[in-house]
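Proteins come first, then strands; the chains are lettered A, B, ... in the order of their sequence lines, and each starts at number 1.
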Amino acid sequence: MSIQLYNTLTGRKQKFESAEPGRVKMYVCGPTTYNYIHLGNARPLVVFDTLRRYLEYRGYEVFYVQNFTDIDDKVIKRAQEEGQEPLKVANRYIEEFFRDADALNVKRASLYPRVSEHIEDIIAAVQELLRRGYAYRAGGDVYFEVEKFPDYGRLSGRNLDEMRAGARVEVNADKRNPLDFALWKAAAPDEPAWESPWGQGRPGWHIECSTMSLKYLGSGFDIHGGGADLIFPHHENEIAQAEAQTGQPFARFWLHNGFITVKEEKMSKSKGNFFLVRDILSRFNPLAVRLYLLSTHYRSPVDFDDERLIAAEKGLERLQNTRRLLQEASDRLRRGSEETAPSQEKAAALRAQIERLKNEFVAAMDDDFNTARAIAAFYELAREINTYLHGGAALEAEVIELATATYEQLGEDVLGLLGRSQQQASAELVDSLMELIISVRQEARQRKDWATADAIRDRLKDLGIIIEDTPHGSRWKRSQG
RNA sequence: GGCGCGGUGGCGAAGUGGCUAACGCCGCGGUCUGCAAAACCGUUAUGCGCCGGUUCGAAUCCGGCCCGCGCCUCCA
């Protein structure tokens, strides 16, 4: 009954225990904010969000940090193309990021630190690396010297000799070793720059993540996640920087999700075969996209294909139907329209199934976060509940309550697949409808069509809604009783 | 060249030594239903890339081969 997670650092599943009892600290590399996110960006978002939800379900308090890379070559390039300030461009895409993430039912992280707001911290980190002899200056640049860090290559499972043999590393005369990487880059004339001990410049890519994760989570935090393409060099470099800087182990568990592929090929920006989440969401139910992403184990590749999205939509519909049927059943019970005595036998049978499937769900999730197996158990749960509801016997209130609570807990709290309930949706719809009615009435009043305006107010009053006109517009409330 | 992942029914996808190979989608048949929808039941792999081997027993372990993909370079 313990959680096992595959740790890239050790190459095997390990029992997960948080460093601090009851509290998990996790960091997931976020997007570079120069465009809408694509499906490949969405996978870690959904996967680690679900991991976070599961850990919370298992009773942990989770402190979840996700960064935004808002200073970077691509942001700068984009800004130049658009003739805008880089930070403005970044801000805009951060807003768009939240729209997509919200649609995918991704819970907000505890904190979203941005590079541009942590320049001081980064400069301090680079200074410390220089002081400790792990870094060197070359003109206005500062590089990390990989030879000085004996463990370099541990995460990605290679050593310096092997990597040099790869010979695909760009030659740079300023570097002592081709694999040395920039901690600080001198700025070109038109680029955003900050004053530093090495002149005007900006941070390298890797230093931001180690600096911000150390700042908010401290050395030895529990989980560091991201896409598998970040293992090398990004995460390798983070480890080198952080451990060289602090002399302490950096993160305890390294988790990496597999790629999204298109026709079996990796979806990537450089290949140009990527699909924006924004476009996908315009054609498919966002929660179906979420279901599709969780239907495969997080470390395996997932191929993007319309047919699979359609299948996911169908599956989702079934899962959401069960929730609706449960809602109807409890409404019926509340109205007291059940005439015969409930079947204790059938209720007991459902109770046993709920127990069994919930255990299966938890066992699957405990085993390296096997959402595919967990979802299978959830489908079975839906079927068992449907069978009971459809069985013709009188319903028993307590088992309906148990079924509803369990279904909601696994399906929404953990998997995030059910979305807003019927009740929440209705409440929101009422708000929107009232807004609509009030604006129609407002138009009538502007025309001085008092008859229509008064008729609307009177008829709403009959429905138990009171309109109050004020100098700033109209507001509404429900009448008492 | 180095390192690594994967090939399971029509399509996806679990399963890593032993009940009838989960689960979803699609198709077909049925139950229910005024109709429709929803829901439920049945049905689809004597077989898990190919060839050998180990074992009482393998999709699961070992060896070889074929095929697809990834990382080694910005990428989630």
Round to a whole Å and report the spacing from [atom1] of [X] to [atom2] of [N].
X: A/Phe369; N: B/rA14; atom1: CZ; atom2: P; value: 13 Å
X: A/Tyr6; N: B/rU16; atom1: OH; atom2: P; value: 16 Å
X: A/Leu155; N: B/rC72; atom1: CG; atom2: C1'; value: 14 Å

Checklist entry - Starting at the 5' end of RNA chain B, what dot-bracket string do you get if Watson-Crick and G-U pairs under 3.5 Å are bracketed, crossing pairs use [ ], other-strand pairs use | and unpaired bases use dots? => result ((((((((.[[[..)..(....]]].(((((.......))))).....[[[[[..)....]]]]])))))))....
What nucleic acid atoms does [X] come within less than 4.0 Å of, heavy atoms only: base, sugar-phosphate, or nothing?
X: A/Glu380; answer: sugar-phosphate
X: A/Lys266; answer: base
X: A/Ala376; answer: base

Checklist entry - Does A/Glu56 pair with A/Arg52 as a salt bridge, N-O distance under 4.0 Å? => result yes
Checklist entry - A/Thr296 side chain to A/Tyr292 main-chain N or O, any donor-acceptor pair under 3.5 Å? => result no
Set out, line by line, the N/O atom pairs under 3.5 Å between protein and nucleotides 33-41 of chain B.
residue	atom	partner	partner atom	Å
B/rA38	O3'	A/Asn321	ND2	3.0
B/rA39	O3'	A/Asn386	ND2	3.1
B/rC40	OP1	A/Arg318	NH1	3.4
B/rC40	OP1	A/Asn386	ND2	3.0
B/rC40	OP2	A/Arg318	NH1	3.4

Checklist entry - Are the aromatic rings of A/His256 and A/His235 close, with centres under 6.0 Å apart? => result yes
Checklist entry - Is it the case that A/Arg299 places NZ or CZ above or below the six-membered ring of A/Tyr6, under 6.0 angstrom from the centre and within 45 degrees of the axis? => result yes
Kindly give the atom pairs (protein nitrogen or oxygen, nucleotide nitrogen or oxygen) under 3.5 Å for nucleotides 2-11 of chain B.
residue	atom	partner	partner atom	Å
B/rG2	N2	A/Arg158	NH1	3.3

